[in-house]
Amino acid sequence: MHHLNQRKALNAKDQHYYFNLEKGYLGEQIFKQHMHRLMNKAIILDDLLLEINQTTFQIDLVCILQHKIYLFEVKNYEGDFYVDKNVWYMIAGKEIKNPLMQLNRSESLFRQLLAEYKINIPIESFLIFVNPEFTLLQAPLNANIILPTQLPRFIKHLHNQPSLLNSMHQNLSKQLTSVKLIKSPFSRIPVYEYENIEKGVICQHCKSFMEVDSGKLHCLKCKSNEEFEKAVLRNVDEMTLLFPDMKITTNAVYEWCKGLIQKRKIQSILSNHLKSIGHGKGRYYS
């Protein structure tokens with residue numbers, strides 16, 4: 001979605017979906033930074049997409065300590081919200097999905113998964129709000145909700161818990177990682193075609209399209225430069241993500257970069273960093 005947003009005009013619905021994804025991702029990164037201080041005494045797994053009894057569920061972050069497993073649903077909501085009789089609203093009165101229901105569902109399914117592994121460790125789940133501009137009025141008192149102002153104290157509480165991990169914890173981590181689903185059934189990627197994707201090299205810093213100046217790729221907007229080698233490899237990654245069935249050839253990369261980089265240079269870079277398959281005009285790289 002990030003790459004499509006840079007190279008294609010998304011409609012309003014898809015753009016709104018992308019911005020929500022990006023905001024949620026940034027929220028998860030913020031929470032992971034808070035959790036880094038637990039790295040030496042906990043196993044932390046993020047973005048787990050799991051399945052039990054043909055039911056798929058997602059957990060933003062799992063923290064395995066000696067005597068307990070914590071599940072976290074992270075929200076990067078911004079603005080004023082309130083709860084009335086277990087129904088969640090934006091301050092303007094628009095009802096939203098109750099995130100506690102999603103959290104309780106994930107906890108129940110995760111508990112079933114542990115039972116299948118014959119692992120009996122207590123589970124506790126929390127709804128984490130990371131955005132300092134978030135306010136929740138009439139929040140339920142006994143709910144496992146951590147507000148932005150409570151987050152430092154909550155992390156400190158986790159950090160102070162004794163934790164001595166053993167092979168059982170390590171094996172659980174390996175099991176969860178091994179059964180993690182790669183492709184989410186919840187994703188909604190808009191239809192796109194190669195012909196409708198804008199070609200060129202996009203600046204890593206300001207996301208503008210770059211030009212060539214003095215033997216380097218140069219961004220007129222933010223004045224940053226990039227070596228050809230890094231740019232080619234970065235754009236190959238982008239091509240294979242958006243079009244996984246496309247063969248990576250010198251001509252394909254040349255066209256993707258809109259002719260900014262000489263074919264001879266592209267071929268040299270591909271030969272040095274990727275595996276060459278075939279010969280002559282049929283050569284491609286993997």
Side-chain angles (χ1 to χ4, degrees), residues 1-8 10 18 21-22 25 28-29 32 43-51 56 58 170-171 173-219 222 224-286:
M1 289 298 293
H2 173 74
H3 292 308
L4 286 179
N5 185 59
Q6 295 179 132
R7 294 186 178 271
K8 183 180 184 297
L10 301 178
Y18 163 62
L21 283 178
E22 185 177 50
Y25 173 77
E28 292 175 24
Q29 297 306 303
K32 281 172 64 177
I43 297 173
I44 297 175
L45 306 172
D46 66 310
D47 197 23
L48 284 181
L49 181 63
L50 303 168
E51 185 178 30
T56 305
Q58 189 164 9
Q170 299 293 341
N171 289 335
S173 172
K174 292 177 182 178
Q175 282 182 297
L176 292 174
T177 303
S178 67
V179 300
K180 175 181 175 180
L181 302 179
I182 303 300
K183 187 174 182 180
S184 172
F186 309 120
S187 63
R188 191 181 72 236
I189 305 299
V191 176
Y192 59 93
E193 297 177 353
Y194 180 82
E195 292 73 18
N196 299 327
I197 296 292
E198 188 171 359
K199 311 303 187 297
V201 179
I202 297 174
C203 175
Q204 297 183 87
H205 305 286
C206 70
K207 311 309 177 186
S208 301
F209 282 91
M210 306 183 79
E211 297 185 2
V212 174
D213 182 37
S214 302
K216 290 183 179 180
L217 287 160
H218 178 70
C219 178
C222 72
S224 64
N225 296 316
E226 186 176 18
E227 300 290 343
F228 288 141
E229 185 175 71
K230 290 182 179 179
V232 165
L233 296 176
R234 182 166 60 84
N235 278 270
V236 166
D237 286 342
E238 187 178 3
M239 292 170 65
T240 53
L241 178 66
L242 291 176
F243 300 98
D245 296 328
M246 177 187 292
K247 285 188 176 180
I248 301 302
T249 65
T250 299
N251 286 336
V253 177
Y254 177 79
E255 184 177 278
W256 183 268
C257 296
K258 210 172 182 178
L260 290 179
I261 306 172
Q262 294 178 351
K263 290 184 181 181
R264 186 179 60 204
K265 186 69 176 176
I266 292 172
Q267 183 176 9
S268 174
I269 294 169
L270 295 179
S271 298
N272 287 335
H273 292 274
L274 301 179
K275 180 182 178 182
S276 176
I277 302 173
H279 302 279
K281 293 183 178 181
R283 177 182 294 166
Y284 65 97
Y285 299 88
S286 174

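Note: hydrogens, waters and symmetry copies are ignored here, and every other heavy atom, side chains too, is used.
The two residues K8 and V191 have their closest heavy-atom pair at CE-O, 3.8 Å. Across C222 and H205, no two heavy atoms sit closer than the pair SG-CB, 4.1 Å. In plain terms, the two heavy atoms of L176 and L48 that are nearest each other are O-CD2, 4.3 Å. The two residues L50 and K180 make their nearest non-hydrogen contact at CD2-CA, 4.2 Å. The minimum heavy-atom distance between A252 and T249, with the atom names listed, is N-OG1, 3.0 Å. Of all heavy-atom pairs spanning L274 and S286, the tightest one is CB-O, 3.6 Å.
Judged by distance alone, with hydrogens and angles left aside, the side-chain atoms of S268 form no donor-acceptor pair with the main-chain N or O of R264 at under 3.5 Å. The backbone N or O of Y192 lies less than 3.5 Å from no partner atom in the side chain of N196, so there is not a single donor-acceptor pair. In this structure, K258 contributes its side chain and E255 its backbone to no donor-acceptor pair below 3.5 Å.
With contacts defined as side-chain heavy-atom distances shorter than 4.5 Å, the pair V179/E51 does not qualify. Looking at M1 and I189, their side chains come closer than 4.5 Å, going by heavy atoms from C-beta outward. Between K216 and E226 there is no side-chain heavy-atom pair separated by less than 4.5 Å.
Counted within 6.0 Å of CD on Q204, heavy atoms from surrounding residues, nucleotides or ligands total more than 12; the atom is thus considered enclosed. Other residues, nucleotides and ligands contribute at most 12 non-hydrogen atoms within 6.0 Å of the OH atom of Y25.
Here the options are L217, V212, V253, the test is side chain to side chain contact (heavy atoms under 4.5 Å, CB included), and the partner is I261; only L217 passes.
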Worksheet item: What's the verdict on side chain to side chain contact (heavy atoms under 4.5 Å, CB included) for H273 and E229, showing C-alpha distance, side-chain angles and the deciding distance?
Response: CA-CA 10 Å; H273 292 274; E229 185 175 71; 2.9 Å; yes
Worksheet item: Going through the distances and angles, do C219 and S224 end up as a side chain to side chain contact (heavy atoms under 4.5 Å, CB included)?
Response: CA-CA 5 Å; C219 178; S224 64; 3.8 Å; yes
Practice prompt. Decide yes or no on side chain to side chain contact (heavy atoms under 4.5 Å, CB included) for H3 and I202, but give the supporting numbers first.
Written response: CA-CA 10 Å; H3 292 308; I202 297 174; over 6 Å; no
Discussion item. Quick one, N225 with D213, criterion side chain to side chain contact (heavy atoms under 4.5 Å, CB included). Give me CA distance, side-chain angles, the key distance, then yes/no.
Written reply: CA-CA 9 Å; N225 296 316; D213 182 37; over 6 Å; no
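With rounding to the nearest 0.5 angstrom, the CD atom of E198 is 8.0 Å from the CZ atom of R7. The CD atom of Q6 sits 11.0 Å away from the CD1 atom of I197 when rounded to the nearest 0.5 Å. Put simply, CD1 on I248 and CD1 on I266 are 11.0 Å apart, with the number rounded to the nearest 0.5 Å. Atom CG in L260 sits 9.5 Å away from atom CE in M210 (nearest 0.5 Å). Between atom OG1 of residue T177 and atom CG of residue L45 there is a gap of 5.0 Å, rounded to the nearest 0.5 Å. One finds the CD atom of E238 at 9.0 Å from the CG atom of L4 (value rounded to the nearest 0.5 Å).
In this structure, K199 forms a cation-pi arrangement with Y194, its terminal cationic atom sitting closer than 6.0 Å to the ring centre and no more than 45° off the ring axis. No cation-pi contact links K265 to F228, judged by a cut-off of 6.0 Å to the six-membered ring centre and 45° from its axis.
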